[in-house]
Engineer: 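Here it is: the structure, laid out below.
Computed from a predicted model, the values in this text were never measured in an experiment.
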Amino acid sequence: MVKAALARNVVGIIGNVISFGLFFSPAPTFYNIIKKKDVEQFKPDPYIATVLNCAFWVFYGMPFVHPDSLLVVTINGVGLVFEFVYLTIFYIYAKKEGRKKLGLYLLIEAILFGAIVLITILALHGTTKRSLIVGILCDVFNIAMYVSPLTVMAMVIKTKSVKYMPFWLSVANFLNGCCWTTYALIHPFDIYVLVSNGIGAISGFVQLLLYAYYYFWGENNDVDANNVPKPTIAEV
């Protein structure tokens, strides 16, 4: 039991490191926004979605919802900080309309999150029921994050070029999914972390297969980068 706990902690720490890299990966984009003092055509949607995703995972990892999930709380807490920094930068340099939309979306998310927290605490008794409801919600958002690169994959197939496929992000997503899948399988077993991250590992593997195929047998087409969807971040 002690060995299992140690192994789970080690895997969880590695998962924290990988996830930290994923959260940090958009930093150059926001640095350019600060330099240009303009968000240009940048869309904050993936980061707005990630805020809610991280918030739910932090709530899921609370002892009164799903005990023994400290490492899930730590990395998603860090993720929340990163996303709020990114969105603050966007808010500062966005036009008035962009600021209004950002504020509206965050308000909707806050209301939704608050409602789920109240229902979970007041209406659901015991960690089993709470883990079920919150865990399902976490999986829905996490799966959405993991499969979001499908739009980029479609572009790769259409153009037969990997020019605009973020290779290292695909690698990181694959390793992240594998790491948290392993974490979920070690006692105490965590079905909710397993489901979404298992799908994430498969999604990352498919992305890497696609990359390898078109890297060696594809074409170097000139594609307008402005038409390529920006990848989103996936986390636990």
Side-chain angles (χ1 to χ4, degrees), residues 9 11-37 39 42-94 98-99 101-117 120-121 134-135 137-146 148 166 168-169 172-173 175-177 179-180 183 190 192-193 196-197 200 230-236:
N9 286 333
V11 172
I13 291 171
I14 295 172
N16 270 242
V17 173
I18 297 173
S19 296
F20 180 88
L22 286 170
F23 285 129
F24 186 73
S25 61
T29 298
F30 287 91
Y31 176 70
N32 287 331
I33 289 176
I34 294 173
K35 283 179 64 178
K36 295 178 180 179
K37 298 183 177 2
V39 299
F42 174 78
K43 302 294 183 186
D45 303 12
Y47 307 97
I48 294 173
T50 304
V51 164
L52 192 59
N53 187 47
C54 288
F56 274 123
W57 278 112
V58 169
F59 183 54
Y60 172 81
M62 293 290 103
F64 53 83
V65 177
H66 196 88
D68 303 315
S69 301
L70 177 61
L71 291 172
V72 174
V73 174
T74 54
I75 190 55
N76 284 284
V78 170
L80 267 179
V81 173
F82 270 103
E83 302 312 312
F84 278 123
V85 169
Y86 296 149
L87 292 176
T88 299
I89 294 171
F90 177 87
Y91 184 86
I92 292 171
Y93 295 106
R99 292 180 178 181
K101 286 184 178 179
L102 175 59
L104 177 61
Y105 291 147
L106 289 178
L107 177 62
I108 292 172
E109 286 191 348
I111 293 172
L112 174 61
F113 180 71
I116 296 298
V117 169
T120 301
I121 294 176
V134 181
L137 287 171
C138 288
D139 277 342
V140 169
F141 284 106
N142 221 26
I143 290 171
M145 295 291 174
Y146 271 126
S148 61
W168 290 111
L169 184 62
N173 274 330
L175 293 176
N176 192 58
C179 192
W180 287 107
Y183 172 88
D190 193 328
Y192 306 108
V193 172
S196 58
N197 287 285
K230 299 295 183 183
T232 55
I233 304 174
E235 61 288 318
V236 177

Engineer: Any chance you could lay out the side-chain contact (heavy atoms from CB on, under 4.5 Å) test for W180 and V72, step after step, and finish with the verdict?
Structural biologist: CA-CA 9 Å; W180 287 107; V72 174; 4.2 Å; yes

Engineer: Check the pair F30 / I34 against side-chain contact (heavy atoms from CB on, under 4.5 Å), numbers first and verdict last.
Structural biologist: CA-CA 6 Å; F30 287 91; I34 294 173; 5.5 Å; no

Engineer: If you round to the nearest 0.5 Å, how far is CD1 of I89 from OG1 of T29?
Structural biologist: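 Here the interatomic distance stands at 10.5 Å.
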
Engineer: A quick test of your reading: do over 12 heavy atoms of other residues, nucleotides or ligands sit less than 6.0 Å from OH of Y31?
Structural biologist: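 Counting neighbours around OH of Y31, 12 or fewer heavy atoms of other residues, nucleotides or ligands fall under 6.0 Å, so no.
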
Engineer: Measure the spacing between CD1 of I92 and NZ of K37 and express it to the nearest 0.5 Å.
Structural biologist: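 I92 CD1 to K37 NZ: 10.5 Å, rounded to 0.5 Å.
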
Engineer: Check whether any side-chain heavy atom of L71 lies under 4.5 Å from a side-chain heavy atom of Y183, and answer yes or no.
Structural biologist: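 Yes, at least one pair of side-chain atoms sits under 4.5 Å.
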
Engineer: Just so I know, are the side chains of F84 and L80 near enough to count as touching, which here means a heavy-atom distance under 4.5 Å?
Structural biologist: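 Yes; the side chains approach each other to less than 4.5 Å.
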
Engineer: Report yes or no: does N176 contribute a side-chain atom to a donor-acceptor pair with the main-chain N or O of A172 at less than 3.5 Å?
Structural biologist: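 Here the side-chain-to-backbone pair does not exist.
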
Engineer: Evaluate the side-chain proximity of I75 to W57: yes if any heavy-atom separation is below 4.5 Å, no if none is.
Structural biologist: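 The answer is no, as the side chains (C-beta and beyond) never meet within the 4.5 Å cut-off.
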
Engineer: Taking the side chain as every heavy atom from C-beta outward, state whether F59 and T120 have any atom pair closer than 4.5 Å.
Structural biologist: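 They are in side-chain contact.
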
Engineer: If you define the side chain from C-beta out and look only at heavy atoms, does anything of E83 sit under 4.5 Å from F23?
Structural biologist: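 Touching, per the 4.5 Å side-chain cut-off.
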
Engineer: Hey, would you say the F82 and F20 ring centroids sit under 6.0 Å apart?
Structural biologist: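 Yes.
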
Engineer: Are the side chains of F90 and I48 in contact, using a 4.5 Å heavy-atom criterion?
Structural biologist: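 Contact flag for I48/F90 side chains = no.
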
Engineer: Please report the closest heavy-atom contact between L22 and S25, naming both atoms and the distance.
Structural biologist: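 Result for this residue pair: O-OG, 2.7 Å.
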
Engineer: How many angstroms lie between atom CG of L52 and atom CZ of F141, to the nearest 0.5 angstrom?
Structural biologist: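 It comes to 4.0 Å.
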
Engineer: Counting N and O atoms only, with roles assigned by atom type, does the side chain of N142 sit under 3.5 Å from a partner on the main chain of C138, one being a donor and the other an acceptor?
Structural biologist: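 Looks like no, no N/O pair under 3.5 Å.
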
Engineer: Would you say the side-chain atoms of D190 pair up with the backbone N or O of V193, donor to acceptor, closer than 3.5 Å?
Structural biologist: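 Checked: pair present.
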
Engineer: Do F42 and Y86 make the cut of ring centroids closer than 6.0 angstrom?
Structural biologist: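 Not close enough - the centres of the two rings lie 6.0 Å or further apart.
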
Engineer: Look up atom CD in E109 and atom CZ in F56, then write down how far apart they are to the nearest 0.5 Å.
Structural biologist: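 Rounded to the nearest 0.5 Å, the CD-CZ separation comes out at 9.0 Å.
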
Engineer: Is there a donor-acceptor pair closer than 3.5 Å between any side-chain N or O of N53 and the backbone N or O of A49?
Structural biologist: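 Not confirmed, N53 side chain does not pair with A49 backbone.
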
Engineer: Does Y105 OH have over 12 foreign heavy atoms under 6.0 Å away?
Structural biologist: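 No, because the 6.0 Å sphere around OH of Y105 holds 12 heavy atoms or fewer from other groups.
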
Engineer: Once rounded to the nearest 0.5 Å, what's the spacing between atom CG of L175 and atom CH2 of W168?
Structural biologist: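 Between atom CG of L175 and atom CH2 of W168 there are 9.5 Å.
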
Engineer: How many angstroms lie between SG in C179 and CD1 in I13, if you round to the nearest 0.5 Å?
Structural biologist: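 Separation between the atoms: 10.0 Å.
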
